[in-house]
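Structure first, then comments.
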Amino acid sequence: MTKLEELDAYTHTVLHQFPRIERHLLSAEMRGAMNKVMRQVVVAWKRKQKSAALFDLDVEVEVFRGLIRKAHRLGYINTERLEVWMRHTNEIGRMVGAWIKNEGGKAMQ
């Protein structure tokens with residue numbers, strides 16, 4: 001299972017435990033953001049000119065981080081769950097950053 005699939009599975013598990021009132025609001029927004037991240041990974045992988053797609057992917061990861069913090073701030077997840085979720089998300093962010101750096105090095109050659 002890839003890191004992105006692990007994040008998606010964890011997100012799915014956590015969102016099922018959100019309050020009923022938020023299942024169609026913040027939960028749906030977070031599911032959509034996760035889907036955008038996954039889509040941007042595929043777009044970046046397939047493009048020849050990767051830099052624009054990678055920066056779009058980086059933005060989507062940041063948006064997702066913000067939604068996780070919002071869920072914690074609203075009390076839908078506890079601090080322990082926040083830390084685990086952020087660890088998964090930060091790992092994806094580091095991988096995207098390394099990919100951007102790698103592609104930037106290729107452009108210089």
Side-chain angles (χ1 to χ4, degrees):
M1 188 182 262
T2 68
K3 299 295 181 184
L4 191 58
E5 289 169 337
E6 288 175 14
L7 174 61
D8 187 41
Y10 189 77
T11 299
H12 189 74
T13 302
V14 172
L15 293 180
H16 270 289
Q17 297 170 0
F18 269 34
R20 181 170 288 214
I21 194 167
E22 280 299 329
R23 289 212 178 122
H24 300 291
L25 299 172
L26 182 60
S27 179
E29 193 174 342
M30 292 180 86
R31 264 193 299 276
M34 186 70 231
N35 288 336
K36 284 181 185 177
V37 168
M38 293 176 76
R39 179 177 167 68
Q40 284 301 127
V41 166
V42 173
V43 169
W45 186 258
K46 294 290 187 176
R47 285 229 173 114
K48 287 188 184 217
Q49 298 295 325
K50 296 183 185 313
S51 61
L54 287 172
F55 283 110
D56 290 344
L57 172 58
D58 196 37
V59 167
E60 291 301 330
V61 171
E62 284 301 319
V63 168
F64 191 67
R65 276 191 188 114
L67 291 171
I68 294 170
R69 286 191 297 271
K70 182 178 183 179
H72 180 257
R73 202 171 43 250
L74 294 173
Y76 300 143
I77 58 172
N78 61 23
T79 303
E80 180 183 335
R81 189 151 272 176
L82 170 72
E83 290 170 0
V84 172
W85 212 351
M86 283 302 224
R87 195 170 354 163
H88 284 292
T89 306
N90 290 341
E91 191 167 354
I92 298 299
R94 281 191 298 276
M95 293 168 82
V96 170
W99 196 3
I100 290 170
K101 189 175 181 181
N102 185 1
E103 288 300 319
K106 286 182 183 177
M108 297 294 224
Q109 293 176 354

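Numbers here simply count residues along the sequence, with the first being 1. Keep in mind it's a predicted model, so treat the numbers as computed, not measured.
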- Can you name the nearest heavy-atom pair linking Val37 to Val61, along with the distance? CG2-N, 4.1 Å
- Query: At their closest point, which heavy atom of Met30 faces which heavy atom of Ala71, and how far apart are they?
  - Reply: SD-CB, 4.4 Å
- Distance (rounded to the nearest 0.5 Å) between Leu15 CG and Glu29 CD: 11.5 Å
- Message: Applying a strict under-4.5 Å side-chain criterion to I, L, V, M, F, W and Y, I'd like to know whether Val43 and Trp99 cluster together.
- Response: no
- Drop me the distance from Glu6's CD to Thr11's OG1, to the nearest 0.5 angstrom. 11.5 Å
- Task: Would you check if Gln17 and Arg81 make a side-chain contact, meaning some heavy-atom pair closer than 4.5 Å?
- Result: yes
- Hey, can you tell me if Phe64 and Trp85 have their rings parallel, tilted or perpendicular (30° and 60° cut-offs)? perpendicular
- Under 30°, 30 to 60°, or over 60°: which ring-plane class applies to His88 and Tyr10, parallel, tilted or perpendicular? tilted
- Query: Can you tell me how far NE2 of His72 sits from CG of Leu74, rounded to the nearest 0.5 angstrom?
  - Reply: 10.5 Å
- Can you tell me if Glu5 uses its side chain to pair, donor with acceptor, with the backbone of Thr2 under 3.5 Å? yes
- Query: Can you tell me how far CG of Leu26 sits from CZ of Arg31, rounded to the nearest 0.5 angstrom?
  - Reply: 10.0 Å
- Mind checking what makes side chain to side chain donor-acceptor pair (under 3.5 Å) contact with His24, not counting sequence neighbours? none
- Item | Any residue meeting side chain to side chain donor-acceptor pair (under 3.5 Å) with Arg69, in chain and number order, not counting sequence neighbours | none
Below 3.5 Å, can you tabulate the donor-acceptor pairs from side chains in residues 47-57 to any protein atom, sequence neighbours excluded?
{"from": "Lys50", "atom 1": "NZ", "to": "Ala44", "atom 2": "O", "distance (Å)": "3.1"}
{"from": "Lys50", "atom 1": "NZ", "to": "Trp45", "atom 2": "O", "distance (Å)": "2.9"}
{"from": "Lys50", "atom 1": "NZ", "to": "Arg47", "atom 2": "O", "distance (Å)": "2.8"}

- Query: Taking all non-hydrogen atoms of both residues, which atom of Leu25 and which atom of Ile21 are closest, and how far apart?
  - Reply: CD1-O, 3.8 Å
- Message: Working to the nearest 0.5 angstrom, can you tell me the gap between Gln40 CD and Met38 CE?
- Response: 12.5 Å
- Query: For Met34 and Asp8, which heavy atoms make the closest approach, and how far apart are they?
  - Reply: CG-OD1, 3.4 Å
- Query: Is the shortest heavy-atom distance from the side chain of Ile77 to the side chain of Phe18 under 4.5 Å?
  - Reply: yes
- Value for OG1 (Thr89) from CD (Glu62), rounded to nearest 0.5 Å, stands at 10.0 Å
